[in-house]
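What you see is a predicted model; the values in this text were computed from it and never measured. Lettering of chains follows the sequences in order, A, B, ..., and the numbering in each one begins at 1.
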Amino acid sequence: MSQEQPPTPAPDSSLDGSDQFAVRQSKLERLRESGSDPFRSNWDQSHTSSEALSLLPEDLEEGPEVSVAGRIVALRLMGKASFLKIIDREGKIQSYVRKDEIGEDEYADFKKLDLGDFIGVRGPLFRTKTGEITIRAKEYRLVSKALRPLPEKWHGLTDNEQIYRQRYLDLIVNEDSRDRFKARSRIIREIREFFWARDFLEVETPMLQSVSGGAAARPFRTHFNALDCDFSMRIALELHLKRLLVGGFDRVFEVGRVFRNEGLSRRHNPEFTMLEAYQAYTDYRGMMELTQSLIQQVAERALGTLQMERTEGDAIDLSGDWKEAKYKDLIIEAVGQDDWFELPKAAMLEKTKSMGIEVDPELEEFEITNDVFEKVIEHTLIQPTFVTHIPRELCPLAKITQDDESTIDVFELCINGQEIAPAYSEQNDPFVQREAFMKQVGEETQELDDDFLLALEHGMPPAGGMGLGIDRLVIFLTKASNIRDTILFPTLRPS
RNA sequence: GGGUCGGUAGCUCAAUCGGUAGAGCAGUGGCCUUUUAAGCCAUUGGUUCCGGGUUCGAGUCCCGGCCGGCCUACCA
């Protein structure tokens, strides 16, 4: 971890350079003694780095004067002239500083700047011998001092722990990380644009809930002193968004954080970002069209392509209409026998054992089957696939398929070997809903939400609903390998 | 939670069989007016994650702990 020295007391003229924090602090002291405090300076920017770079067309050698500001990330000092690179929110730009143009004293001060300092630079654009567009500085000013050194310039920062705990350092020196988080922001922006354009109302529902339902996961619990009662952090958005369908907001969506008190892994962070959308007078088939259009439009607009390269294997092709497959057909194909769903439990266990899958013998038949799906099938679904006709036991909130009592009107969208988005024809029969809830209430992670059932009894229009894990979407859209690379500040053990 | 690998200078990494802890970058002092990981000369900097143990001697071996990576488990 980082070395936390206490601030060194007084600057020492006999500094030997071993303690970079102390050296920089003493530079700051000297500046203050000479009457300038960089922490109280500012700078008027006329352009960002990339705007400035666009002002010098190929056929010209000299461009207009610009004024930019940013953090120094490269410094090449020479006797009477120097090059430096600064980085701002859009990228890097080089500047050239000459002693004979800014003056002898100014140049002496300039050479005391450190990597990491924020400066402003003003001057005309020109092209160097090697063709790089560069600002010839007429004036510069230190606008904020950096007292700690930057990570190494060539390898950047590679220590995972430091990347997560000091994300700002990662963002300063690792361009791919910067780009990934910018892409995440664009993706979320495009998701909102998509729903706004379809006349959905964006809403916010409670994160603190007395009953956290809508999914089967352990919640984080906390206590509210004013009311002296326990609350949970939400584990899903579903039940409150459906209350809004009851209330007449018949197209709603929310993008928000949910919290699940489960394990950490490459694909799980205890707080993550969920999109849920509900549309009245449609069903899971309507949600299929919506989900496909959503992801295609977001990829096209945020990333400019529907072909997602992967580090290994074929690229993911998001174009066209996506494949559909029935859950039962996938299972039968995977186990290689047509009568799987008629088999007694013992035979199922025997079969899974022969396939090399570990299954808890206490599980019920549908759970064994779902283990087969999760352990054998899911990771093979790389290209976008809507898995439909899922066993009813797996989801209590969806409508039962009319001509097959054993399944529900649901799809699970799998991409990149992961479940990305489930969608249902939402259950709006309060009696069937209560019955389905009661069956699950015995389970440790399930609580009965009577208030939600009361709302259903007032009537909820027929509707399709969809949920999408944004972090997982970002993982495959940005070729990240770990959910932590898509969350700016992932959950870590306190240091 | 279990398994496994790792933690050495500000950063990226070395250190043979257990035998004086090193390099590059960064820093410091010089030289250098078009550099591109600038170059050249000189140079500072270490609680080897923490605590025990074995040993004449431990970065290295043993035990315990802390933090992290990966795998796995839990997770509709």
Side-chain angles (χ1 to χ4, degrees), chain A residues 1-5 14-24 26-27 73-85 92 94-101 107 111-112 114-116 126-132 134 136 146-166 169 172-173 214-219 235-236 238 258 260-270 272 358 360 366-367 370 373-375 378 390-398 408 410 412 419 422 424 440 443-446 467 469 481-482 484 490 492-495:
Chain A
M1 258 310 303
S2 69
Q3 277 51 43
E4 294 298 332
Q5 305 99 328
S14 64
L15 288 168
D16 56 5
S18 64
D19 182 346
Q20 299 192 43
F21 181 75
V23 168
R24 288 173 180 229
S26 106
K27 287 180 179 178
V73 290
L75 205 45
R76 288 185 278 274
L77 299 175
M78 291 171 287
K80 299 190 178 90
S82 301
F83 287 92
L84 69 146
K85 260 183 192 157
K92 294 174 189 171
Q94 181 170 259
S95 179
Y96 179 54
V97 179
R98 293 169 60 114
K99 188 176 176 176
D100 58 10
E101 289 196 40
Y107 193 71
K111 289 177 89 169
K112 294 211 175 71
D114 287 303
L115 285 173
F126 76 107
R127 208 179 292 275
T128 64
K129 215 160 63 173
T130 53
E132 181 165 354
T134 301
R136 183 186 300 267
L147 295 170
R148 303 266 182 200
L150 291 178
E152 202 245 5
K153 61 184 172 186
W154 186 240
H155 301 91
L157 189 63
T158 64
D159 177 59
N160 276 304
E161 187 172 358
Q162 216 171 343
I163 283 173
Y164 299 141
R165 290 195 197 274
Q166 293 180 275
L169 291 178
I172 292 167
V173 299
R218 281 194 296 275
I235 56 173
E238 179 147 0
V258 298
R260 295 186 180 179
N261 204 340
E262 310 280 356
L264 291 162
S265 85
R266 211 156 46 95
R267 294 175 175 186
H268 299 85
N269 195 65
F272 61 100
E358 244 180 78
D360 180 353
F366 77 91
E367 294 173 305
N370 204 45
F373 182 80
E374 287 178 0
K375 290 177 180 170
E378 189 176 323
I390 287 168
R392 61 184 292 180
E393 296 87 349
L394 290 176
C395 177
L397 292 155
I408 40 178
V410 163
E412 292 275 7
E419 172 203 320
Y424 325 141
Q440 292 219 331
E443 296 172 21
E444 169 194 19
T445 55
Q446 208 63 35
S481 57
N482 191 317
R484 289 180 163 184
L492 297 175
R493 192 180 293 277
S495 52

Taking any heavy-atom pair under 4.0 Å as a contact, classify [X]: base, sugar-phosphate, or nothing.
| X | result |
| --- | --- |
| A:Lys85 | base |
| A:Leu264 | base |
| A:Lys92 | nothing |
| A:Arg493 | sugar-phosphate |
| A:Arg266 | sugar-phosphate |
| A:Glu419 | sugar-phosphate |
| A:Arg136 | base |
| A:Phe126 | base |

[N] pairs with which nucleotide, Watson-Crick or G-U wobble, both distances below 3.5 Å?
| N | result |
| --- | --- |
| B:rA23 | B:rU12 |
| B:rU4 | B:rG69 |
| B:rU34 | none |
| B:rU47 | none |
| B:rA42 | B:rU28 |

Between [N] and [M], how far is it from one [atom1] atom to the other, in whole Å?
| N | M | atom1 | answer |
| --- | --- | --- | --- |
| B:rC31 | B:rA38 | C1' | 14 Å |
| B:rU60 | B:rC49 | P | 8 Å |
| B:rU55 | B:rC17 | P | 23 Å |
| B:rU8 | B:rA14 | C1' | 9 Å |
| B:rG18 | B:rU12 | C1' | 27 Å |
| B:rG45 | B:rG2 | P | 44 Å |
| B:rU35 | B:rC40 | P | 15 Å |
| B:rG46 | B:rA9 | C1' | 6 Å |

If anything within 90° of 0 is syn and all else is anti, what is B:rC50? anti
With sequence neighbours left out, what residues match A:Phe83 under ring-ring contact (aromatic ring centres under 6.0 Å, His included)? A:Tyr96
Taking only residues two or more places apart in sequence or in another chain, which ones pass ring-ring contact (aromatic ring centres under 6.0 Å, His included) with A:Tyr164? none
For A:Lys112 and A:Cys395, find the nucleotide of RNA chain B closest to each by heavy atoms; which residue's nucleotide sits nearer the 5' end? A:Lys112
Pairwise 5' ranking along RNA chain B for A:Lys111 and A:Leu157, keeping only the more 5' one: A:Leu157
In whole Å, I'd like the distance from the [atom1] atom of [X] to the [atom2] atom of [N].
| X | N | atom1 | atom2 | result |
| --- | --- | --- | --- | --- |
| A:Glu161 | B:rC11 | CD | C1' | 15 Å |
| A:His268 | B:rC71 | NE2 | P | 13 Å |
| A:Asp159 | B:rA9 | CG | P | 11 Å |
| A:Tyr164 | B:rG68 | OH | P | 11 Å |
| A:Lys99 | B:rU34 | NZ | C1' | 17 Å |
| A:Arg267 | B:rA76 | CZ | C1' | 16 Å |
| A:Leu394 | B:rC75 | CG | P | 12 Å |
| A:Asn482 | B:rG68 | CG | P | 13 Å |

Check the phosphate of [N] against [X], side-chain N and O only, distance under 4.0 Å to OP1 or OP2. Yes or no?
| X | N | result |
| --- | --- | --- |
| A:Lys80 | B:rU33 | yes |
| A:Gln20 | B:rG45 | no |
| A:Asn261 | B:rC74 | no |
| A:Lys27 | B:rU28 | yes |
| A:Arg165 | B:rC67 | no |

By nearest atom, which of the nucleotides B:rA76, B:rU35, B:rC11 is closest to the A:Glu412 side chain? B:rA76
Which nucleotide sits closest to the side chain of A:Thr128: B:rC11, B:rU35, B:rC67? B:rU35
Answer whether the closest heavy-atom distance between the side chains of A:Leu264 and A:Asn269 falls below 4.5 Å. yes
Is any side-chain heavy atom of A:Gln94 closer than 4.5 Å to one of A:Thr128? yes
List the residues meeting side-chain hydrogen bond (donor to acceptor under 3.5 Å, both in side chains) with A:Ser82, not counting sequence neighbours, and say none if there are none. A:Tyr107
Sequence neighbours left out, what passes side-chain hydrogen bond (donor to acceptor under 3.5 Å, both in side chains) with A:Glu132? Give chain and number order. A:Lys85
Counting distance only, does the side-chain N/O of [X] pair as donor-acceptor with the main-chain N or O of [Y] below 3.5 Å?
| X | Y | answer |
| --- | --- | --- |
| A:Gln20 | A:Arg148 | no |
| A:Glu238 | A:Ala215 | no |
| A:Lys27 | A:Lys112 | yes |

hbond_proxy A:Gln94 side chain to B:rU35 base (donor-acceptor, 3.5 Å cutoff): yes
What distance do A:Leu394 atom CG and A:Ile408 atom CD1 have between them, rounded to the nearest 0.5 Å? 6.5 Å
Sorted by chain and number, sequence neighbours left out, salt bridge (Lys or Arg N to Asp or Glu O under 4.0 Å) with A:Glu152 holds for none
Write out a two-atom table: protein N or O, nucleotide N or O from nucleotides 37-39 of chain B, distance below 3.5 Å.
| from | atom 1 | to | atom 2 | distance (Å) |
| --- | --- | --- | --- | --- |
| B:rA37 | O3' | A:Lys153 | NZ | 3.2 |
| B:rA38 | OP1 | A:Lys153 | NZ | 2.3 |
| B:rA38 | OP2 | A:Arg76 | NH1 | 2.3 |
| B:rA38 | O5' | A:Arg76 | NH1 | 3.4 |
| B:rA38 | N6 | A:Leu77 | O | 3.4 |

